Amino acid sequence: ALWKGNAVACLRLCPCSAVQLAAYRKFVVLFMDDLGHISQWSSIMAGSLAGMVSTIVMYPTDLIKTRLIVQNMLEPSYRGLLHAFSTIYQQEGFLALYRGISLTVLGALPFSAGSLLVYMNLEKIWNGPRDQFSLLQNFANVCLAAAVTQTLSFPFDTMKRKMQVRSHGWRECLEVFLGVLQQQRTWTPGDARFSRSM
């Protein structure tokens, strides 16, 4: 039961990586200057855009994986990847396979912004040039960037999952956002509902 949806997650790894790599190469060429050079900022942006492209292309498999995880094991709605795909397509329509995609795209914005924010302030944090960072410093940079980007984008992922599983019948981004806030009767800036399980 702890591995429900794992087969779908494994199957999507190769095509997702292939799409991301192909898109990254295209964006790198697009961002190159006349001499064939690309700045580190442009490289980060190319990587972010490539990740967004692969996410959009492979999004139906992510939705199906979520549905397989949350379905009732005693009375399962889906028997596997292909059955889930055909059932959702027949009963809910093609667009249902992309339910929550807008939140994924929106969530990529703070994710990219967080990466750039950390990158721009590395020299101030370590009080030295980037090209002289030690292995430990680079490891700390990756951890810091991951923590910042995950925190900024996590609310979007939470709302996306709620749309994917049709929680409370919510279908639109604003509807999900307001619905979660309404459930939390007294909401404060420190509310952790959107960041639960971080």
Side-chain angles (χ1 to χ4, degrees), residues 2-66 68-69 100-161 164 189-198:
L2 293 175
W3 277 268
K4 286 189 299 181
N6 180 61
V8 180
C10 292
L11 286 173
R12 69 192 297 267
L13 285 178
C14 289
C16 184
S17 299
V19 171
Q20 185 169 356
L21 180 59
Y24 177 72
R25 288 177 175 174
K26 293 291 184 181
F27 284 121
V28 166
V29 172
L30 184 64
F31 290 142
M32 278 183 179
D33 57 24
D34 296 335
L35 298 177
H37 299 147
I38 182 172
S39 68
Q40 290 181 313
W41 287 13
S42 296
S43 181
I44 292 174
M45 187 59 64
S48 299
L49 292 174
M52 192 181 301
V53 169
S54 66
T55 298
I56 292 173
V57 172
M58 301 301 299
Y59 189 82
T61 59
D62 184 60
L63 181 137
I64 290 172
K65 180 191 72 174
T66 301
L68 290 172
I69 291 173
I101 186 67
S102 57
L103 288 166
T104 299
V105 175
L106 288 173
L109 298 177
F111 191 90
S112 299
S115 298
L116 289 173
L117 178 66
V118 173
Y119 176 79
M120 291 168 58
N121 288 279
L122 288 180
E123 291 183 350
K124 296 179 181 178
I125 294 174
W126 296 112
N127 194 25
R130 298 185 184 91
D131 56 0
Q132 295 182 7
F133 289 166
S134 66
L135 182 63
L136 181 59
Q137 286 175 315
N138 285 321
F139 175 75
N141 294 338
V142 172
C143 293
L144 177 61
V148 171
T149 53
Q150 177 75 3
T151 301
L152 292 175
S153 62
F154 197 86
F156 294 93
D157 189 64
T158 300
M159 292 189 289
K160 179 192 73 174
R161 298 298 178 195
Q164 285 181 337
D191 186 5
R193 179 177 290 271
F194 278 127
S195 300
R196 182 173 295 166
S197 301
M198 279 182 54

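The structure displayed is predicted, hence computed values, not measured ones.
- Residues A50 and Q20 approach most closely at CB-O, 3.5 Å, considering heavy atoms.
- Applying the salt bridge (charged side-chain N to carboxylate O under 4.0 Å, His left out) test to every pair with at least one member in residues 41-63, sequence neighbours left out, gives these pairs: D62-K65, D62-K160, D62-R161.
- The side-chain contact (heavy atoms from CB on, under 4.5 Å) test applied to M32 returns V28, I38, not counting sequence neighbours.
- Judged as a side-chain contact (heavy atoms from CB on, under 4.5 Å), and not counting sequence neighbours, the contacts of L30 are F27.
- Between the CD1 atom in I64 and the CD1 atom in I69 there is a gap of 12.0 Å [rounded to 0.5 Å].
- A pairwise comparison of heavy atoms in S54 and C16 identifies CB-O, 3.6 Å as the closest pair.
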